[in-house]
Amino acid sequence: MSDIESPLSLIEFKELHETMLLIRSVESTLVKVFANGEVPGFIHLSIGQEAVAAGVGCAISPGDTLATTHRGHGHVLAMGLDLEGFFKEIYGRNGGVCRGRGGSMHVSDMSLGIIGANGIVGAGIPIALGSSLSFRTRGTGGVSVALFGDGAMAEGVLHESMNFAKLLKLPLLLVCENNGWSEFSPTDRQFSGSLAGMSAAFNIPHECVDGNDVEAVWHACKGALKELRGGHGPRILECMTHRVRGHFEGDAQKYRQKTEQSLLEAADPIIRSEYRLKELGCTEDELHRMKIHSEERVAAALLEARRDAEPDFAQAFHDVHTPVPGGTL
Amino acid sequence: MRKPFLMPKLGLTMTEGSIVEWKLKPGQAFDRGQIIFVVETDKSAVDIESEQSGVVLEIVHFPGKAVSVGGVLGYWDDEEGGANSESVVEFQLQKTSTVPVTAVDSVEVFPAQHQGNDIKRIVATPFARRLARKFNIDLHKVSGTGPNGRIKAADLPLGPATTQPTASQLILAKRLVGAKQNIPHFYLSLEVEVSELLALRIQLNLDVDVRVSVNDLFVAAAGRALLDCPQVDRVWSEDGIIRLGSTDVGIAVHSSQGLFAPIVRGAGRMTVRQITEKTRPMLERVRKGRLNALEMGGGSLTISNAGMFDVTYITPIINPGQAMILGIGSVREVFRPDANCLPSLRREVGVVLACDHRILDGVAALNFLQHFKKRVQQPQLLTTLE
Amino acid sequence: MTLMAYAHAVNLSLMDALRADDRVIVLGEDVAEAGGSFKVTRGLLESYGATRVIDTPISEATIVSAAVGAAMSGLRPVVEIMFMDFITLAMDALVNQAAKARFMFGGKTSVPMVVRTPHGGGLSAGPQHSQCLEAWFAHVPGLKVVCPSTPQDAYSLLRSAIDDPDPVIFVEHKGLYGLRGDVDSSVKVPIGHAAVVRQGRALTLVSYGATVAVCLSAAKQLAEKNGIDAEVIDLRTLQPWDKATVLASVRKTHRVAIVHEAVQAFGVGAEIAACIAEDAFDELDAPVMRVGAPFMPVPFSRSLEKQYAVDETKVVAAMHRLLL
């Protein structure tokens with residue numbers, strides 16, 4: 001465990017909990033509306049992985065950047081992405097955060113420091129590396145975080161990025177959400193090594209944490225970020241967690257054992273967080289209200305999304321290139 | 001596979017034909033090279049033979065019916081199975097005809113890809129087509145020089161918008177510009193009666209091989225006038241005014257090669273017949289572009305006779321190096337009052353003498369012109385040497 | 001105005017860009033300490049230091065992606081891919097990331113990066129070190145592709161590329177690095193503008209990169225021997241290409257051939273030819289022609305590569321065919 005400079009305050013813990021509740025509510029709602037056929041394309045849900053999203057998302061500071069994956073709803077919501085804009089994007093509407101151009105896999109907002117959600121496995125890692133390079137060049141003290149799943153461990157760009165970041169001592173935090181599954185295959189059949197082993201090979205400090213314990217994730221992240229801001233080079237945080245739903249919605253998950261289900265319930269990060277909050281003095285009532293509040297927010301945002309206008313096709317051409325004043329484009 | 005017999009295109013302009021005779025009936029088999037039917041166009045009758053063997057299935061059009069080029073005449077089976085298709089098989093044409101064949105521009109076997117309505121296909125570039133539309137040119141009447149007989153823009157009967165001058169055009173242009181810029185021209189004109197001249201000519205040309213031309217008479221008259229007025233037989237040069245006294249007279253000649261002014265040397269001291277003998281071969285050589293250096297250049301005067309056209313006066317440009325040029329218009333019949341003020345028929349030519357004012361003044365020029373007129377009006381004297 | 005080699009013009013452009021804007025960084029394999037395998041980045045490290053001129057490991061995919069991330073985070077990176085053939089390793093970074101970031105994130109971000117890479121053969125470099133792959137990138141919405149043929153254009157277009165808010169693939173020709181020409185660093189050449197480098201009326205040759213000089217030689221030959229005056233256009237930018245200039249020329253000459261060193265099949269010429277056929281159909285007095293390399297990897301043997309190359313003879317033959 002890393003050194004904790006200041007412990008997690010109750011307010012901060014509640015914030016983490018609310019974040020997780022919001023994510024859970026959003027993702028559960030998406031299960032339903034997707035099944036209804038309201039949502040175009042594919043969605044990849046992160047139910048069960050809320051603690052990583054909340055722990056990381058709330059730990060990083062304004063000015064830092066974060067790159068996420070196709071399973072990034074939780075991450076971007078934890079970064080503060082506008083909820084209505086999020087739903088509108090899922091629905092492909094004009095008011096979406098990407099104006100309907102990207103969809104579920106690409107929900108992001110540069111102004112919040114989200115440098116993209118990527119449909120290519122591992123692609124966000126070197127992009128975050130580039131972002132950390134810019135922080136080093138400009139000397140801002142900022143940090144870039146790349147979130148990736150255990151499925152990306154076999155991608156060459158991860159290995160290349162670990163090497164490159166270490167050589168240049170870049171302020172890059174690599175956070176692996178290890179849920180044991182690489183799409184439809186268990187990770188141990190996909191990857192012959194371990195993240196810990198790889199980190200050692202590149203001399204990058206590696207920390208493993210219970211990804212379903214939001215406190216632990218938050219503390220580990222905070223500690224790592226501090227080290228990074230000190231200019232000591234990249235770090236790796238491996239968060240062990242569980243993916244409840246399939247690789248994508250519609251995936252019947254026939255490849256998973258039924259016995260896994262009960263384990264998942266036991267590991268639910270929200271239940272664990274509730275337990276801890278009660279330990280710290282929160283009432284049932286308060287917790288219940290927090291839950292209702294996030295559900296209401298989600299319902300309202302969904303309503304807006306359902307009635308938002310379709311994007312304009314001609315307008316879409318304007319986003320292929322940046323308009324140059326007086327230019328030909 | 002069932003296939004159609006199609007009316008072939010037997011000429012560039014053919015739009016329809018008719019069957020004269022079917023050589024086979026439905027159900028009859030045929031070999032490669034066998035004549036299936038005979039087609040009549042407005043020019044000829046042509047036997048059509050098959051490039052493949054098969055069996056006639058059906059006759060659609062019988063003899064006498066006009067069918068458009070590409071139209072279906074009947075059906076046959078190539079006995080090769082496969083889905084029925086409307087694809088066309090090329091037919092070999094056998095030009096044995098029962099009627100004399102007038103030349104057809106090109107015999108176009110019906111193209112293999114038969115699609116759409118436009119059977120009469122002209123091969124032309126898009127640009128050529130656009131120009132043809134613009135200038136209302138019928139592409140059927142144009143033969144193409146591009147690959148596959150493709151009509152290109154250059155094949156259309158359009159002059160190019162701009163052409164580059166040839167070397168001789170450029171030289172001539174330079175000379176003429178020079179003449180106009182450097183020589184101060186002034187002009188005098190007269191009407192000259194030529195009835196006597198014309199009558200003399202007829203007389204001179206009775207029973208001769210080499211006929212005297214009107215122009216020869218004018219050359220003779222001009223030569224004598226130079227002899228009469230030696231003070232005009234001079235030219236301006238860088239070194240000063242050169243007195244020639246040679247009575248050389250130039251003749252302005254237009255040929256396909258350009259504009260030439262061969263010189264009859266000493267025309268003032270020659271009879272008209274001598275002039276004729278001199279000029280005939282010279283004019284031949286001009287036609288062939290084979291004038292030699294001695295025949296060009298020199299003299300103070302050229303005659304430019306436009307009489308063969310219908311023109312009243314021509315006001316020519318002095319040949320650089322000379323001092324005068326005499327423009328002669330066509331013969332006109334006019335009525336003039338005689339001594340009794342009664343109308344009298346004359347035959348006249350309008351004569352314009354252009355002079356280099358550096359050498360000649362009006363008086364001298366007019367004097368010369370009057371002498372020329374006198375010589376023309378007393379042509380008998382031109383036949384002998386004085 | 002100074003006479004200098006093409007490589008030097010690129011070097012000067014980078015120097016001037018690094019000085020003018022401290023957001024500009026240069027990265028690539030052996031660009032810093034070694035000054036680049038073709039010496040194009042010589043002296044940059046000494047002048048601007050290791051924070052801004054960065055030697056990377058041999059990780060094309062990651063270094064180009066890093067340029068994307070750096071560009072999205074406020075820098076103007078100029079990343080080098082040592083031989084265009086190696087750009088295949090960075091295809092995700094260019095096609096899925098750089099090209100699409102602006103669009104798929106709703107037009108709220110841009111990726112002001114430049115990838116510099118030398119293409120082309122003629123140096124017996126073999127099949128994996130001689131390719132011209134620019135057509136691939138011209139086909140990707142979101143990318144710009146530039147290919148200068150002279151030292152002046154190399155200087156000016158690289159400055160324009162670095163200033164451009166969008167990702168630009170800047171294609172140099174390894175065989176042109178020694179080409180000398182006058183460079184005036186105050187001259188600006190905007191992206192998307194072609195240059196008519198020879199005026200003529202008989203036919204139009206459209207080209208870019210090393211084959212522009214080949215076209216000029218062919219045009220000179222035809223002018224001297226046959227009195228035929230060809231117009232030659234240097235596209236300079238491939239995406240977006242200067243359609244207006246090309247079509248104006250076709251309207252004047254009615255005959256056109258597109259000439260490039262890259263493989264003819266499915267190349268840049270194919271797109272230009274199709275556009276001409278569609279938009280200037282009624283102006284054409286001959287089929288639109290292309291002259292490109294045969295459908296074969298670039299061979300190593302000198303004699304094979306010579307026959308493979310697009311040379312003056314092939315261009316002259318195409319010109320004659322246009323005039324048939």
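Bear in mind that the values here come from a model prediction, so they are computed numbers and not experimental data. Order of the sequence lines fixes the chain letters, A, B, ..., with proteins taken first and strands second; residue numbering starts at 1 for each chain.
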Q. Between C/Ala50 and chain A, which part of the residue has a heavy atom less than 4.5 Å away: side chain, backbone, both or neither?
A.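 The backbone, not the side chain.
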**Q.** Test item: C/Arg102 side-chain N/O and A/His321 main-chain N/O as donor-acceptor pair under 3.5 Å
**A.**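 Flag set: sc C/Arg102 to bb A/His321 pair under 3.5 Å.
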(Q) Within the supplied structure, the quantity of interest is the number of heavy atoms (other residues, nucleotides, ligands) at a distance under 6.0 Å from A/Phe42 CZ; does it exceed 12? (A)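 No.
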Q. Non-hydrogen atoms of chain A under 4.5 Å away: do they reach the side chain of C/Pro141, the backbone, both or neither?
A.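 Both parts, backbone and side chain.
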Q) Roughly how far, to the nearest 0.5 Å, is the CG atom of A/Leu133 from the CG atom of C/Leu75? A)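 Reported value, rounded in 0.5 Å steps: 6.5 Å.
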Q) What part of A/Asn118 gets closer than 4.5 Å to chain C, counting heavy atoms only: side chain, backbone, both or neither? A)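 Answer is side chain: those atoms of A/Asn118 sit under 4.5 Å from chain C.
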Q) Which bit of A/His159 is near chain C, if near means a heavy-atom gap under 4.5 Å: side chain, backbone, both or neither? A)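 Neither the backbone nor the side chain of A/His159 comes within 4.5 Å of chain C.
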Q) Which one, A/Arg99, A/Glu160, A/Arg136, leads in non-hydrogen pairs under 4.5 Å with chain C? A)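 Top count of heavy-atom pairs under 4.5 Å with chain C: A/Glu160.
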Q) Hey, are the side chains of A/Val157 and C/Ser65 touching, using non-hydrogen atoms and a 4.5 Å cut-off? A)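 Result no, sub-4.5 Å side-chain heavy-atom pair not found.
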**Q.** Closest non-hydrogen atom pair between A/Phe164 and C/Thr56, with its separation
**A.**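 Where A/Phe164 meets C/Thr56 most closely, the heavy atoms are CZ-CG2, 3.5 Å.
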Q | Close side-chain approach of C/Phe105 to A/His106, heavy-atom, < 4.5 Å | A |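 Yes, close enough: below the 4.5 Å cut-off.
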Q: Sort A/Ser161 into side chain, backbone, both or neither according to what part of it lies under 4.5 angstrom from a heavy atom of chain C.
A: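 It is both, since atoms from each part get that close.
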**Q.** Crowding at CD, A/Glu310 (>12 non-hydrogen neighbours, <6.0 Å)
**A.**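 Yes - once you tally the heavy atoms of other residues, nucleotides and ligands closer than 6.0 Å, there are more than 12.
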Q: Check each atom of A/Ile115 against the heavy atoms of chain C and say whether the ones under 4.5 Å are side chain, backbone, both or neither.
A: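 For A/Ile115, the contact with chain C is made by backbone and side chain together.
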Q: Specify which of C/Ala70, C/Gly107, C/Ala101 makes the most heavy-atom pairs with chain A at under 4.5 Å.
A: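 Of the options given, most contacts go to C/Ala70.
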Q: Look up atom CG in A/Asn163 and atom CD1 in C/Ile58, then write down how far apart they are to the nearest 0.5 Å.
A: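 Rounded to the nearest 0.5 Å, the CG-CD1 separation comes to 10.5 Å.
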Q) So does A/Gln315 have more than 12 non-hydrogen atoms from other groups sitting under 6.0 Å from CD? A)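 Enclosed.
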Q.
Does C/Arg42 have more than 12 heavy atoms from other residues, nucleotides or ligands lying within 6.0 Å of its CZ?
A.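 Counting other residues, nucleotides and ligands, CZ of C/Arg42 stays at 12 neighbours or fewer.
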Q. Nearest 0.5 Å, what's the OG-CZ distance between A/Ser134 and C/Arg76?
A.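 Answer for the OG-CZ pair, A/Ser134 versus C/Arg76, is 13.5 Å.
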Q | chain C interface, residue from A/Met105, A/Arg101, A/His318 that has the most non-hydrogen pairs under 4.5 Å | A |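 Highest number of pairs under 4.5 Å: A/Arg101.
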Q | C/His139, NE2 atom: more than 12 neighbouring heavy atoms under 6.0 Å | A |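 At most 12 heavy atoms, drawn from other residues, nucleotides or ligands, come within 6.0 Å of this atom.
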Q) Roughly how far, to the nearest 0.5 Å, is CE of A/Met110 from OG of C/Ser110? A)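 CE of A/Met110 is found 10.0 Å from OG of C/Ser110.
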Q) Which region of A/Leu168, side chain (C-beta onward) or backbone (N, CA, C, O), has a non-hydrogen atom less than 4.5 Å from a non-hydrogen atom of chain C, or is it both or neither? A)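 A/Leu168 touches chain C through side-chain heavy atoms alone.
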Q: Please flag which part of C/Ile54 lies under 4.5 Å from any non-hydrogen atom of chain A: side chain, backbone, both or neither.
A: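 Only the side chain of C/Ile54 comes within 4.5 Å of chain A.
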Q) Do you know which two heavy atoms are closest between A/Val320 and C/Gly142, and how far apart they sit? A)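 Smallest interatomic distance, heavy atoms only, reads CG1-N, 3.5 Å.
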Q. Under 6.0 Å from the CD atom of A/Glu38, do we count more than 12 heavy atoms belonging to anything else shown?
A.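 Yes, CD of A/Glu38 has more than 12 neighbouring heavy atoms, counting only those of other groups under 6.0 Å.
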(Q) Would you say that C/Gln97 contacts A/Ile120 through its side chain, given a criterion of any heavy-atom pair below 4.5 Å between the two side chains? (A)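 Yes; the side chains approach each other to less than 4.5 Å.
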Q: Examine whether an atom of A/Ala117 lies under 4.5 Å from a heavy atom of chain C, and if so say whether it belongs to the side chain, the backbone or both; otherwise answer neither.
A: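 Just its backbone gets close to chain C.
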**Q.** Gap separating the NZ atom of C/Lys108 from the CG atom of A/Asp319, nearest 0.5 angstrom
**A.**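 Separation between the atoms: 9.5 Å.
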Q) Roughly how far, to the nearest 0.5 Å, is OG1 of A/Thr137 from CZ of C/Arg23? A)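 Taking CZ in C/Arg23 and OG1 in A/Thr137, the distance rounds to 13.0 Å.
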